[in-house]
Protein chains: 2
Amino acid sequence: MPVSDKKTPIHQVMQEEVETGPVDGLILEERLGYALRRAQLKVFKHFDEAMREHDIRPAQFSALVIIEGYPGVTQASLAQTLAIDPPRVVNLVNTLESRGLAVRVRSKRDRRSYGIFLTRAGEALVVTLKALSEQSDLTATQGLSDIERRQLLALLRRVYSPQAPEK
Amino acid sequence: MPVSDKKTPIHQVMQEEVETGPVDGLILEERLGYALRRAQLKVFKHFDEAMREHDIRPAQFSALVIIEGYPGVTQASLAQTLAIDPPRVVNLVNTLESRGLAVRVRSKRDRRSYGIFLTRAGEALVVTLKALSEQSDLTATQGLSDIERRQLLALLRRVYSPQAPEK
DNA sequence: GGGATATAGTTACTCTATACAACTATTTCC
DNA sequence: GGAAATAGTTGTATAGAGTAACTATATCCC
């Protein structure tokens, strides 16, 4: 039962039949958060499709790419770069390990921490995944030219990392 | 206990001490999904701060703005425009109703559906919230010029709504 | 050298978001 | 008038995100 049944109707009841049909987002299009969410939904949907066959989630993909680029990266660094919190990193790395894509190696310098490395299987997979991801980004942004895509990336980078260079 | 204890160490064990310090996102910066997520995190963080005093979540704000622009909008239209599913709309509208910001009015044309309207309190609040949201977007994108902000919005719109005009 | 403090990782718990299945009431299609 | 579709609701399941508390180790400082 709708909550309104318990409340007094208000002045707008007179306007009742004003508008019902499908409504575009015109009014919200000036809201950055709305635009970011809608764009991210679309890009992630394409990404999920592209990765479905490999059963890889966005954070897993990003982690693999970072580990490839920085072999021996610690979980704390991963957390920072992925902008996720330490508990999620534990879970993430557990998954990668149990699937044989990465391994933890206890650091000799600081025995509290682990260096994370890709296995050969992980190295092979990340190459495939990067190609798939690039393709998925292209199809998700079909309407944009290469220049516009680069513009978009540069602008986004400058939003989340204010000290990023303009070009 | 880390999963790796149960696995054979792999070839990279030799490289163990390679890299640990904080790692920037350089390697991922070409990934659209990563950039979108990071930017959205930042924009939403500012938004949450701006709205904390009013205890308004992003979806609630967007709903209020849509209802203001399309009085009598149905829940189905709300779901479409907000890109959330019908069960969440029910919950959302329940919250707005119980806080006295909006009301459901049964449609005479189609008695399955409701038109959603703002109460006077809702109308007053949405004016305040829109100003706060604009201010929050500005501070979240401090590094950008007005022109770049508009460029970013236009590019995002063309990503999620491919038929959107270039300018 | 040794105790206080900080850090890396882990576990547990909470809250929200998202997705999906099933159901009621009503409308539309044939 | 009956079959199929639609608007809204309820319930359930899973993932994302934030927080608190804990262990083991390292660093700081007297």
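So you know, we letter chains A, B, ... as the sequences are listed, proteins then strands, and number each from 1. Nothing here was measured: the structure is a model prediction, and the numbers come from that model.
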>> The test is side chain to side chain donor-acceptor pair (under 3.5 Å); show your working for R31(B) and S133(A) and say whether it passes.
In response: CA-CA 8 Å; R31(B) 309 293 147 177; S133(A) 148; 3.2 Å; yes

> With no hydrogens and no angle check, is any side-chain donor or acceptor of S98(A) less than 3.5 Å from a backbone partner on T95(A)?
Replying inline: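 At least one qualifying donor-acceptor pair exists.
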
> Taking 4.0 angstrom as the limit, do R149(B) and D146(B) come out as a salt bridge?
Replying inline: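 A salt bridge links R149(B) with D146(B).
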
Rounded to the nearest Å, what distance is computed from the [atom1] atom of residue [X] to the [atom2] atom of nucleotide [N]?
{"X": "N91(A)", "N": "dT14(D)", "atom1": "CG", "atom2": "P", "result": "14 Å"}
{"X": "Q75(A)", "N": "dT7(C)", "atom1": "CD", "atom2": "P", "result": "17 Å"}
{"X": "R106(A)", "N": "dT7(C)", "atom1": "CZ", "atom2": "C1'", "result": "13 Å"}
{"X": "Y114(A)", "N": "dT25(D)", "atom1": "OH", "atom2": "C1'", "result": "11 Å"}
{"X": "K108(A)", "N": "dT25(D)", "atom1": "NZ", "atom2": "C1'", "result": "17 Å"}
{"X": "N94(B)", "N": "dT9(D)", "atom1": "CG", "atom2": "C1'", "result": "9 Å"}
{"X": "L78(A)", "N": "dT10(C)", "atom1": "CG", "atom2": "C1'", "result": "16 Å"}
{"X": "L82(B)", "N": "dA17(C)", "atom1": "CG", "atom2": "C1'", "result": "14 Å"}

> Among dA24(D), dA25(C), dT9(D), which is the nearest nucleotide to the side chain of R112(A)?
Replying inline: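 Shortest atom-to-atom distance from the side chain points to dA24(D).
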
>> Taking the minimum atom-to-atom distance to the side chain of R88(A), which one of dT27(C), dA8(C), dG16(D) wins?
In response: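 Nearest to the side-chain atoms of R88(A), counting from C-beta on, is dG16(D).
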
Is [X] near enough to [N] that one of its side-chain N or O atoms lies under 4.0 angstrom from OP1 or OP2?
{"X": "R109(B)", "N": "dT6(D)", "answer": "no"}
{"X": "R57(B)", "N": "dC15(C)", "answer": "no"}
{"X": "R111(B)", "N": "dT26(C)", "answer": "yes"}
{"X": "R37(B)", "N": "dA17(D)", "answer": "yes"}

Pairs under 3.5 Å (N/O, protein and nucleotides 18-20 of chain D):
{"from": "dG18(D)", "atom 1": "N7", "to": "D85(A)", "atom 2": "OD2", "distance (Å)": "2.9"}

> Given the rule in the side-chain contact (heavy atoms from CB on, under 4.5 Å) test, do Y70(B) and F117(B) qualify, once you have shown the distances and angles that lead to the verdict?
Replying inline: CA-CA 8 Å; Y70(B) 300 92; F117(B) 298 90; over 6 Å; no

> So do the side chains of L36(A) and R37(B) get within less than 4.5 Å of each other, counting heavy atoms only?
Replying inline: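 No - every pair of side-chain heavy atoms lies 4.5 Å or more apart.
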
>> Using side-chain heavy atoms (C-beta onward) and a distance below 4.5 Å, is Y114(A) in contact with V105(A)?
In response: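 Side chain of Y114(A) against side chain of V105(A), heavy atoms only: no contact under 4.5 Å found.
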
> Measuring from L144(B):CG to R150(B):CZ, what's the distance to the nearest 0.5 Å?
Replying inline: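 Taking CG in L144(B) and CZ in R150(B), the distance rounds to 12.0 Å.
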
> Between R99(B) and N94(B), do the side chains contain an N or O donor and an N or O acceptor separated by less than 3.5 Å?
Replying inline: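 There is no such pair between these side chains.
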
> Over its full length, what angle do the end axes of the helix from dG1(C)-dC30(D) to dC30(C)-dG1(D) make, each axis taken from five pairs and the result rounded to 10 degrees?
Replying inline: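 End-to-end axis angle for the helix from dG1(C)-dC30(D) to dC30(C)-dG1(D): 30°, rounded to 10°.
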
Pair up each side-chain donor or acceptor in residues 42-59 of chain B with any protein partner under 3.5 Å, not counting sequence neighbours, and list the distances.
{"from": "K42(B)", "atom 1": "NZ", "to": "V159(A)", "atom 2": "O", "distance (Å)": "3.1"}
{"from": "H46(B)", "atom 1": "ND1", "to": "T139(B)", "atom 2": "OG1", "distance (Å)": "3.4"}

